[in-house]
Visitor: 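One structure is given below, represented as structure tokens, and several questions about it will come after.
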Amino acid sequence: MLGSRVRGQTELLMAGSLRDLVPDDHVLARVDRVLDLSWLRAEVRHLYAADGAGRPGVDPEAAVRLMLAGFLLGVVHDRRLMREAQVNIAIRWFAGYGLHEALPDHSSLTRIRQRWGAELFRRVFARTVGACVGAGIAKGEVVHIDATLIRADVAWESLGERHADAVLAQDEAAGPVGDPPPAARADGARRRAERDAKQSGRYKKVCLTDPDATMATNARNRRLEPAYKQHTAVDDVFGVVLDVEVTTGQANEGDHILARVDAAAAATGRAVATVTADQGYAYGKVYGGLEARGIDPVIPAKKEPVRSRVPLRRFRYDARHDVLKCPKGRTLLPQRRVEHGRYFYSKAAECRGCPIRGDCLSKGRVNKAVVVSDNHPALLRARRRKERWSAEDARLYRRHRWRSEGFHGEAKSWHGLARAVRRGLQNMRIQAFLTAAAVNLKRLAAALLASLGPWGALPLLVALRRLLASALAGPAPSLRRRPAAAV
């Protein structure tokens, strides 16, 4: 018999909970078992009017649950999220709204983010890290560090070129008496601007609608784009995100790795034993900083660029006496300091009769000048170690490729991190914290469910509560079941 269905229903009557309509293997149902935000109300109470004055606000836990649901499902824009929540029973149940209840306007989420600030969302993320540590799925012994570019939420038409007019205006305003005439200063300013634009592409364009985003690229054969840069520390065991921070796109990775390592150690309460990273972090300051902390760096060192017939590797640095020896045994002494290093100079009289003077000295120079980076011995040790990496070093570096870079690929493909949702550095930081928190909650729910095996629903919840009981006494969130919204 051919079936049929009457579609003109005017109302829905049912007895029970919306939870009965959400499958047990749904991502929101799995995350709900390990998520507790009961601490949030006390954290934000001081941001609202006391004694119930003012307009009724959105429940803090419901607001964060709506945001997390969006990032878990890849619906990161507020307007689209609230439209989806109107018809999505799982989102309504996860946030605590019944079918008959009105959802908050999308602008309420914007005002909540502005009122709370990025640091409170960092605490939300930190709670997920504490829960993972308390459940034993994050050890903090081996940490993978990586950075990725996130395209800013701006159009190409919003980019403008830097002109020499701004430089000229500054020169005219601050030029002392006796300077060249304004026309000459203008020509000089334009020449300097053109020279800077040719030498470094980052100065060619600026973003007018989002000044916090800077021009950057992840490859020489790709064009510069307005972007932010996210620096991430990922644990080795289950891929839990231990720390995340966002900077402008042109920030150097080597300037932020040590802070991320220290933050990861503080999040787990344990000393980091090994750190892995790619060649973008192969600097003497990085190797030296990690060695000073007693951390083993598994970072492939770059080969020294050969720009001279007598390269730097033929010079020998004596760390005890802080001198540099040239290939002929003559001494170069430190004098002028530059960023992350110092200039070592030889004496002109010693270089005058040197047999390799023609190959060693540049045209027009009478003595040798060599820049030696800080922690140069640590860089040399890293280069020697790379030549004889052990099987364990190679294994850890392979895990780095799919742990840290895998997290960024997952976050960009499934959780909306490929592009900034809103403009401004603080909004980008909030997006990064919520994305990392959503991924950690997924990791926690998946690991706990996998460890329990194929049990029934009731034994599953009982065992899950016992497994997370150790997290109740510490900073990690406790396991708490929310009353489901009834119809």
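This one's a predicted model, so the numbers in the text were calculated from it and none came from an experiment.
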Visitor: Locate the shortest heavy-atom distance separating Ala135 from Leu444; write the atom from each residue and the value.
Guide: CB-CD1, 3.7 Å

Visitor: Can we say Glu225 and Arg223 salt-bridge, meaning some charged N sits less than 4.0 Å from an Asp/Glu carboxylate O?
Guide: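 Yes, charged N to carboxylate O under 4.0 Å.
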
Visitor: When rounded to the nearest 0.5 angstrom, what distance separates CG in Leu99 from CD in Gln86?
Guide: 10.5 Å

Visitor: Please verify the inter-ring angle class for Phe121 with Trp116; under 30° counts as parallel, over 60° as perpendicular, anything in between as tilted.
Guide: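 Judged by the thresholds at 30° and 60°, the geometry between Phe121 and Trp116 is tilted.
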
Visitor: Can Arg41 and Glu61 be counted as an ion pair, charged N to O under 4.0 angstrom?
Guide: no

Visitor: Quick test of your reading of the model: are Glu119 and Arg429 salt-bridged, counting only N-O distances below 4.0 Å?
Guide: yes

Visitor: Please report the C-alpha distance between Arg127 and Glu43 in whole Å, then the side-chain angles of each, then the deciding distance to 0.1 Å, and finally whether the salt bridge (charged side-chain N to carboxylate O under 4.0 Å, His left out) criterion is met.
Guide: CA-CA 13 Å; Arg127 288 271 178 161; Glu43 290 283 335; 5.1 Å; no

Visitor: Compare all side-chain heavy atoms of Glu245 with those of His256 and state whether any distance is below 4.5 angstrom.
Guide: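 No. Closest side-chain heavy atoms not under 4.5 Å.
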
Visitor: Using a 4.5 Å cut-off on heavy atoms from C-beta on, say whether the side chain of Val143 contacts that of Val261.
Guide: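 No, side chains not in contact.
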
Visitor: If you measure from the Lys or Arg side-chain nitrogens to the Asp or Glu carboxylate oxygens, is any gap between Asp25 and Arg30 under 4.0 Å?
Guide: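 No salt bridge links Asp25 with Arg30.
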
Visitor: CZ of Arg222: more than 12 outside heavy atoms within 6.0 angstrom?
Guide: no

Visitor: Please give me the minimum heavy-atom distance between Thr248 and Lys229, naming the atom from each residue.
Guide: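 So the two residues come closest at O-CB, 3.6 Å.
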
Visitor: Answer yes or no on whether Lys412 is positioned over the face of Trp414, meaning its NZ or CZ is under 6.0 Å from the six-membered ring centre and within 45° of the axis.
Guide: no

Visitor: Side-chain contact test, heavy atoms from C-beta onward, threshold under 4.5 Å: evaluate it for Asn427 versus Gln114 and give yes or no.
Guide: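 Not in contact.
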
Visitor: Any salt bridge between Arg443 and Asp235, counting N to O under 4.0 Å?
Guide: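 Not counted as a salt bridge, because no side-chain N and carboxylate O are separated by less than 4.0 Å.
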
Visitor: Would a distance-only check, ignoring hydrogens and angles, find a side-chain to backbone donor-acceptor pair under 3.5 Å from Thr128 to Phe125?
Guide: yes

Visitor: When you measure from the side chain of His415 to the backbone of Gly74, do you find a donor-acceptor pair of N or O atoms at a distance under 3.5 Å?
Guide: no

Visitor: How close do Thr435 and Ala411 get, counting heavy atoms only, and between which atoms?
Guide: CG2-CB, 3.9 Å

Visitor: When you compare the side chain of Leu68 with that of Val31, does any pair of heavy atoms fall below 4.5 Å?
Guide: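 Not in contact.
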
Visitor: Within the 3.5 Å criterion, strictly below it, is a donor on Gln230 or Thr232 matched to an acceptor on the partner's side chain?
Guide: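 Side-chain D/A pair, Gln230 to Thr232: present.
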
Visitor: Hey, is CZ on Arg79 packed in by over 12 heavy atoms from elsewhere, all under 6.0 Å?
Guide: no

Visitor: I need the Cys132 SG to Lys139 NZ distance, nearest 0.5 Å.
Guide: 12.0 Å

Visitor: Classify the side-chain pair Ser390/Asp393 by whether it contains a donor and acceptor separated by less than 3.5 Å.
Guide: yes

Visitor: Cut-off 3.5 Å, side chains only: do Tyr228 and Asp210 have a donor facing an acceptor?
Guide: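 There is such a pair between these side chains.
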
Visitor: Side chains of Tyr97 and Ile91, heavy atoms from C-beta outward: is any pair under 4.5 Å?
Guide: no

Visitor: Does the side chain of Arg342 reach to within under 4.5 Å of the side chain of Val371, using non-hydrogen atoms?
Guide: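 In short, these two side chains do not touch, never coming nearer than 4.5 Å.
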
Visitor: Please tell me whether Thr247 and His231 have a donor and an acceptor in their side chains that are separated by less than 3.5 angstrom.
Guide: yes

Visitor: Below 4.0 angstrom, N of the basic side chain to O of the carboxylate: do Arg65 and Asp59 qualify?
Guide: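 Result for this pair is no, no salt bridge flagged.
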
Visitor: Let me confirm one number: the CG-CG distance from Leu290 to Asp296, rounded to the nearest 0.5 Å.
Guide: 9.0 Å

Visitor: Kindly determine whether Leu28 and Leu73 satisfy side-chain contact (heavy atoms from CB on, under 4.5 Å), including the steps that lead there.
Guide: CA-CA 9 Å; Leu28 296 184; Leu73 300 176; 4.2 Å; yes

Visitor: Judged by atom type as modelled, is there a donor-acceptor pair below 3.5 Å linking the side chain of Glu291 to the main-chain atoms of Gly288?
Guide: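 Not a single qualifying donor-acceptor pair exists.
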
Visitor: So with a 6.0 Å cut-off around CZ of Arg401, is the heavy-atom count from everything else above 12?
Guide: no

Visitor: Between His400 and Arg395, is the side-chain contact (heavy atoms from CB on, under 4.5 Å) condition met? List the steps.
Guide: CA-CA 9 Å; His400 161 81; Arg395 186 190 71 84; over 6 Å; no

Visitor: Could you tell me whether Asp32 and Arg19 have a side-chain N and a carboxylate O separated by less than 4.0 Å?
Guide: no

Visitor: Is a donor on one side and an acceptor on the other found under 3.5 Å between the side chain of Thr214 and the backbone of Gly249?
Guide: yes

Visitor: For Arg419, is the CZ atom crowded, meaning more than 12 foreign heavy atoms sit under 6.0 Å from it?
Guide: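 For Arg419, atom CZ is crowded (more than 12 foreign heavy atoms under 6.0 Å).
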
Visitor: Quick one: pull up OG1 in Thr148 and CG in Asn218 and give me the separation to the nearest 0.5 Å.
Guide: 7.5 Å

Visitor: Ala282 and Pro300: which non-hydrogen atoms are nearest, and at how many Å?
Guide: CB-O, 3.6 Å

Visitor: Step by step, work out the side-chain contact (heavy atoms from CB on, under 4.5 Å) result for Arg270 and Thr268.
Guide: CA-CA 5 Å; Arg270 303 169 184 172; Thr268 61; 4.0 Å; yes

Visitor: Would a distance-only check, ignoring hydrogens and angles, find a side-chain to backbone donor-acceptor pair under 3.5 Å from Asn440 to Val241?
Guide: yes

Visitor: Given Asp78, which partner from the list Thr110, Val421, Asp105 fulfils the side chain to side chain contact (heavy atoms under 4.5 Å, CB included) test?
Guide: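 By the side chain to side chain contact (heavy atoms under 4.5 Å, CB included) criterion, Asp78 pairs with just one of Thr110, Val421, Asp105: Thr110.
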
Visitor: Which of these passes side chain to side chain contact (heavy atoms under 4.5 Å, CB included) with Ile299: Val286, Thr276, Asp278?
Guide: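 Exactly one candidate clears the test, Val286.
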
Visitor: A side-chain contact here means heavy atoms from C-beta on lying under 4.5 Å apart; do Val272 and Val275 qualify?
Guide: yes

Visitor: Measure the CG-CD distance between Asp374 and Glu339 for me, rounded to the nearest 0.5 Å.
Guide: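 That separation rounds to 10.0 Å.
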
Visitor: Taking atom types as modelled, find out whether Asn88 and Arg92 have a side-chain donor-acceptor pair closer than 3.5 angstrom.
Guide: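 Result is no, nothing qualifies.
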
Visitor: Determine, for Asp255 against Lys285, whether the closest basic-nitrogen to carboxylate-oxygen distance falls under 4.0 angstrom.
Guide: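 Lys285 and Asp255: salt-bridged.
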
Visitor: Please report the C-alpha distance between Val234 and Asp146 in whole Å, then the side-chain angles of each, then the deciding distance to 0.1 Å, and finally whether the side-chain contact (heavy atoms from CB on, under 4.5 Å) criterion is met.
Guide: CA-CA 8 Å; Val234 180; Asp146 197 20; over 6 Å; no

Visitor: What is the distance from atom CZ of Arg260 to atom CD of Glu253, rounded to the nearest 0.5 Å?
Guide: 13.0 Å

Visitor: Would you say the side chains of His144 and Asp236 form a donor-acceptor pair under 3.5 Å?
Guide: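 Present: a donor and an acceptor within the cut-off.
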
Visitor: For Gly70 and Leu81, work out which heavy atoms get closest and say how close.
Guide: CA-CD1, 3.7 Å

Visitor: Judged by atom type as modelled, is there a donor-acceptor pair below 3.5 Å linking the side chain of Ser413 to the main-chain atoms of Gly409?
Guide: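 Checking the backbone N and O of Gly409 against the side chain of Ser413, a donor-acceptor pair under 3.5 Å is found.
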
Visitor: Might you point out which heavy atoms bring Leu40 and Pro60 nearest each other, and give the distance in Å?
Guide: CD2-O, 3.5 Å

Visitor: Okay, side chain of Arg115, backbone of Leu47: is any donor-acceptor separation there less than 3.5 Å?
Guide: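 Checking the backbone N and O of Leu47 against the side chain of Arg115, a donor-acceptor pair under 3.5 Å is found.
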
Visitor: Can you tell whether the side chains of Arg384 and Glu387 come within less than 4.0 Å, N to carboxylate O?
Guide: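 Salt bridge flag = no for Glu387 with Arg384.
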
Visitor: Could you tell me whether the side chain of Val439 reaches within less than 4.5 Å of the side chain of Phe407, counting heavy atoms only?
Guide: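 They are in side-chain contact.
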
Visitor: Determine, for Tyr287 and Arg385, whether the Lys NZ or Arg CZ falls below 6.0 Å from the six-membered ring centre while staying within 45 degrees of the axis.
Guide: no

